[in-house]
Amino acid sequence: MQRDILQKVLYKWILPKTDCEKESSKAAPYLLGSPAYPDNYIAAILEAEAKFKYVLIPSIGFLLSRLYEYYGISYLLCYPSIELKEEYRSRYASRGNTDDFTNVFIDQWDTRIRMLDNDENGIHFKLNSGQFLTDIKDALDSADDFARQIPIERNKEILELKKISDMKLRQGCVHLGGYASPSYYYCLDLRIDENKKWVYNLGKLCGERSILIETDEVQSLETFYDHMYGVDQDTMLRKLDSRQEVMRLIEEITETGKLKC
């Protein structure tokens, strides 16, 4: 099967790695999501759709719904039969996935497969034991040719999605402490490679110390706290003004145990 695959990673802070290292880092608890998701992801899908015959994306329910409902994109659902849980557990282990990754997909196996079974918008292809996508190439080609519509000009939509993504990254922040009282945030432009690298390393450090951390858009975070706590939000959400303050807070959390997972 033509291997024109959209290599779009949900976690934008991962540095270049080998295939094995990529597999072993999937679903690692220290990876921080991009504030621009899913807008940046959908923009990349729309761009790839215009270039390639196949665009491989994860079968995430809300993402598929948005592609179908907002952009009229039909899709092929390729997934294993529900009784193949243990076979796929072995597959994940043999290709180098960690327990964190395996737990996400195996622990939620029945729920995920039934969700796909109930998807009324996609064209379904069930993989049997030992099968891969290349084994159902002819069926996929036939279904894709049947489902494919005349290409739609999506430059306007792509431009708007990229504009939104750029704004969210420019107004990015790291948020420590989850939504408990108090929590802290530090603003930084997440379009800049050096900042992304720092946030990636910060995520690893906090992961090792079981400290709650995530990335967000400043406006979105402040709006949430204002909605939840009103005029007293400043006592709940406190701004940090430097990386040094962030690191001092992490050391304090490590010593006191407060704001931990």
Side-chain angles (χ1 to χ4, degrees), residues 4-16 26-27 30-52 54-75 119 121-122 149-179 183-200 202-203 212-229 233 236-237 239-241 243 246:
D4 293 324
I5 298 175
L6 175 63
Q7 296 291 351
K8 173 69 181 66
V9 180
L10 299 186
Y11 304 100
K12 293 291 288 180
W13 326 124
I14 300 177
L15 303 180
K26 284 182 178 178
Y30 59 80
L31 294 174
L32 303 178
S34 167
Y37 180 81
D39 300 288
N40 59 342
Y41 195 31
I42 293 174
I45 291 171
L46 297 181
E47 286 185 316
E49 180 198 29
K51 297 177 182 178
F52 306 124
Y54 290 105
V55 181
L56 269 63
I57 63 173
S59 52
I60 300 172
F62 83 88
L63 179 63
L64 295 176
S65 295
R66 184 164 169 182
L67 289 172
Y68 183 83
E69 294 172 7
Y70 287 29
Y71 303 100
I73 295 178
S74 58
Y75 50 87
D119 187 308
N121 300 323
Q149 302 172 354
I150 298 174
I152 299 174
E153 180 60 61
R154 301 190 190 276
N155 288 342
K156 182 178 179 181
E157 290 92 335
I158 292 170
L159 184 63
E160 182 62 24
L161 287 165
K162 287 186 172 182
K163 181 179 178 181
I164 294 171
S165 300
D166 184 81
M167 178 192 69
K168 289 181 176 180
L169 292 172
R170 177 163 37 88
Q171 299 178 356
C173 68
V174 288
H175 177 209
L176 290 144
Y179 296 94
S183 63
Y184 303 80
Y185 70 105
Y186 170 65
C187 303
L188 73 172
D189 188 337
L190 292 173
R191 300 171 302 173
I192 299 172
D193 287 341
E194 193 277 331
N195 287 347
K196 289 192 287 186
K197 183 177 179 180
W198 182 78
V199 169
Y200 170 76
L202 187 68
L212 290 167
I213 184 173
E214 61 184 358
T215 53
D216 208 332
E217 179 198 7
V218 173
Q219 184 176 357
S220 174
L221 183 65
E222 291 179 339
T223 299
F224 174 83
Y225 271 83
D226 184 59
H227 174 73
M228 290 296 294
Y229 303 109
Q233 70 145 323
M236 308 290 294
L237 181 65
K239 183 178 180 181
L240 302 173
D241 295 319
R243 294 187 183 184
V246 174

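Residues: numbered from 1 along the sequence shown. Below, each value reflects all heavy atoms present in this structure, side chains not excepted, and no hydrogens, waters or symmetry copies.
- You'll find the side chain of Asn121 stays beyond 4.5 Å of the side chain of Leu64, heavy atoms only.
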The test is side-chain contact (heavy atoms from CB on, under 4.5 Å); show your working for Val246 and Trp198 and say whether it passes. CA-CA 12 Å; Val246 174; Trp198 182 78; 4.1 Å; yes

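- The CE atom of Met228 sits 12.5 Å away from the CG atom of Leu237 when rounded to the nearest 0.5 Å.
- Closest approach of Leu190 to Pro35, counting heavy atoms only: CD1-CG, 3.7 Å.
- In this structure, the side chains of Leu63 and Ile42 come closer than 4.5 Å at one or more pairs of heavy atoms.
- Counted by atom type alone, Asp119 and Tyr68 present zero donor-acceptor pairs between their side chains at under 3.5 Å.
- Remark: side-chain polar atoms of Glu214 are not paired, donor with acceptor, to backbone N or O of Asp216 under 3.5 angstrom.
- In this structure, Phe62 places its CZ atom where more than 12 heavy-atom neighbours from other residues, nucleotides or ligands lie under 6.0 Å away.
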Hey, can you pull the donor-acceptor pairs under 3.5 Å for the side chains in residues 158-172, sequence neighbours left out?
residue	atom	partner	partner atom	Å
Lys162	NZ	Glu47	OE2	2.6
Ser165	OG	Asn40	N	3.0
Ser165	OG	Leu161	O	2.9
Asp166	OD1	Arg191	NH1	3.3
Asp166	OD2	Arg191	NH1	3.3
Lys168	NZ	Asp39	OD2	2.9

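- When all heavy atoms of Cys173 and Leu188 are compared, the closest pair comes out as CA-CD2, 4.0 Å.
- The backbone N or O of Tyr71 lies less than 3.5 Å from a partner atom in the side chain of Arg154, making a donor-acceptor pair.
- Here the side chains of Leu176 and Tyr186 are not in contact, with every heavy-atom distance at 4.5 Å or above.
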Could you go through Val218 and Glu222, starting from their C-alpha distance and side-chain angles, then the distance that decides it, and tell me whether this counts as side-chain contact (heavy atoms from CB on, under 4.5 Å)? CA-CA 6 Å; Val218 173; Glu222 291 179 339; 3.7 Å; yes

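- Atom-to-atom distance recorded for Phe224:CZ and His175:NE2 is 8.5 Å, nearest 0.5 angstrom.
- For Leu221 against Tyr185, the heavy-atom pair with the smallest separation is CD2-CB, 3.8 Å.
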Run the side-chain contact (heavy atoms from CB on, under 4.5 Å) check on Leu46 and Ile73 step by step: do they pass? CA-CA 9 Å; Leu46 297 181; Ile73 295 178; 3.5 Å; yes

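- In this view, Asp193 and Lys196 satisfy the side chain to side chain donor-acceptor pair (under 3.5 Å) rule, not counting sequence neighbours.
- Between Ser34 atom OG and Tyr41 atom OH the span is 12.5 Å, to the nearest 0.5 Å.
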List the steps and the verdict of side-chain contact (heavy atoms from CB on, under 4.5 Å) for Leu31 and Tyr200. CA-CA 7 Å; Leu31 294 174; Tyr200 170 76; 3.9 Å; yes

